[in-house]
Amino acid sequence: MSQHARRQRPEADPFTERTPRVVAARHLTRRQGRDKAGRFLVEGAQAVREALAWQGGEVHELFVTVTAAERNAELLQTADQAGIRISEVTDKAAASLSETVTPQGLIAVCDAVPQPLESALQGTPRLVAVLYGVSDPGNAGTVTRVADAAGADAVIFAGDTVDPHNGKCVRASTGSLFHVPIARSRDAAEVFAACRQAGLKLVAADGHAKDDLVEASAKGELTQPTAWVFGSEAHGLPDDVVAKLDTSLKVPMYGAAESLNLATAAAVCLYASVRDQRNLS
């Protein structure tokens, strides 16, 4: 174990999977436990590094194995200098906190990231991604990463959508959930109203739409401040939801593929908007 990790617990044996703090952290692998505690787990060096640099909340503790400590001495030094508790754990304890096939031996306990809608949409947002009814955590995390890369102002999880703190969602975002404001509301009507209040045009990404985004771009429609609304992988957006939005657009399909997966379609839509918005300015 590194000198920095031992500084917190000199001469102590590593925590096991039965140690109370490890048991408490393990509750955060379930949504109910995360919601109750207002905290979640982040695993792996890259994600933990982003968490340590995050200005929106606190990292409460790092659990680390001997092997992971040796590989990440600089990261542990950063955490130690920030006054974060660093606790050595056994490999079995680290595995009990991991949701991956190959645990990385480095897990942080962090404050929840979502903020109120009005806070996520403050100022004059120009590009927002709204996930409605998206159940696959890998896709949700990847869309968060894409939105971050495209410079979006916020990502909103609306309706019965996967928890942004789901372990697979966190991993797929590769730290982007610490870069872009995240909001969550089960009330989709509240989300849509907040977007409109912020001056955003609500655009459904709908494979069955009459118009496509290439035509919309040619007409200058994508230069407007836009909240793209993306639906579930299997069924897209329900008709009644599409009817509540301002317009709907599809990604044109020039080849034989039936459709694009959610994350790919989101990348095309978000980058089409940001390209036109940046060209306008």
Side-chain angles (χ1 to χ4, degrees), residues 56 113-134 139-162 164 173 176-177 179-232 236-251 262-263 265-281:
V113 297
Q115 50 190 269
L117 277 171
E118 59 271 19
S119 176
L121 295 172
Q122 65 182 343
T124 54
R126 294 195 56 80
L127 185 62
V128 169
V130 178
L131 298 173
Y132 176 88
V134 175
N139 269 332
T142 303
V143 173
T144 301
R145 182 181 183 183
V146 167
D148 177 24
D153 298 289
V155 178
I156 302 175
F157 288 63
D160 188 18
T161 293
V162 67
S173 80
S176 284
L177 81 169
H179 301 161
V180 60
I182 305 289
R184 179 174 63 173
S185 173
R186 293 186 180 277
D187 186 346
E190 176 189 36
V191 171
F192 300 153
C195 287
R196 285 197 174 101
Q197 182 67 30
L200 295 160
K201 180 180 181 180
L202 289 161
V203 180
D206 181 9
H208 303 291
K210 181 180 67 173
D211 299 320
D212 67 49
L213 60 80
V214 173
E215 296 166 345
S217 176
K219 297 175 183 176
E221 295 174 3
L222 298 186
T223 61
Q224 301 176 55
T226 298
W228 279 99
V229 184
F230 304 103
S232 72
L237 289 167
D239 290 342
D240 63 324
V241 171
V242 173
K244 296 174 183 175
L245 306 181
D246 299 318
T247 190
S248 60
L249 296 172
K250 63 184 177 184
V251 176
L262 169 60
V268 173
C269 295
L270 291 170
Y271 269 93
S273 281
V274 75
R275 178 199 61 204
D276 285 10
Q277 290 177 1
R278 285 177 174 267
N279 285 343
L280 176 66
S281 61

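Sequence neighbours left out, not one pair with a member in residues 123-133 passes salt bridge (Lys or Arg N to Asp or Glu O under 4.0 Å). Pairs passing the side-chain hydrogen bond (donor to acceptor under 3.5 Å, both in side chains) check and including a residue from residues 141-151, sequence neighbours excluded, read R145-T174, D148-S176, D148-H179.
Taking D246 as the reference, R196 meet the salt bridge (charged side-chain N to carboxylate O under 4.0 Å, His left out) condition, with sequence neighbours excluded. Not counting sequence neighbours, S248 has no partner by the side chain to side chain donor-acceptor pair (under 3.5 Å) test. Shown here are the side-chain contact (heavy atoms from CB on, under 4.5 Å) partners of D212, two or more places apart in sequence or in another chain: V214, E215, K250, P252. Residues meeting the side-chain contact (heavy atoms from CB on, under 4.5 Å) test with P114, sequence neighbours left out: A112, P164, H165, I182, R184. When the side chain to side chain donor-acceptor pair (under 3.5 Å) test is applied to D153, no partner is found at least two apart in sequence or on another chain.
Closest heavy-atom contact between L200 and V128: CD1-CG2, 3.7 Å.
Interatomic distance, L262 CG to N139 CG, rounded to the nearest 0.5 Å: 4.5 Å. Between the OG atom of S185 and the CZ atom of F157 there is a distance of 13.0 Å, given to the nearest 0.5 Å.
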With a cut-off of 3.5 Å and sequence neighbours excluded, list every side-chain donor-acceptor pair involving residues 217-230.
from : atom 1 : to   : atom 2 : distance (Å)
S217 : OG     : R275 : NH2    : 3.2
S217 : OG     : D276 : OD1    : 3.4
S217 : OG     : D276 : OD2    : 2.6
T223 : OG1    : G220 : O      : 2.8
Q224 : NE2    : E221 : O      : 3.4
T226 : OG1    : Q224 : O      : 2.7
W228 : NE1    : C269 : O      : 3.4
W228 : NE1    : S273 : OG     : 2.8

Donor-acceptor pairs under 3.5 angstrom involving side-chain atoms of residues 116-125: please list them, not counting sequence neighbours.
from : atom 1 : to   : atom 2 : distance (Å)
S119 : OG     : Q115 : OE1    : 2.8

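Without hydrogens or angle criteria, Y271 side chain to V146 main chain gives no donor-acceptor distance under 3.5 Å.
Counting heavy atoms of neighbouring residues, nucleotides and ligands inside a 6.0 Å radius, atom CG of D187 exceeds 12 of them.
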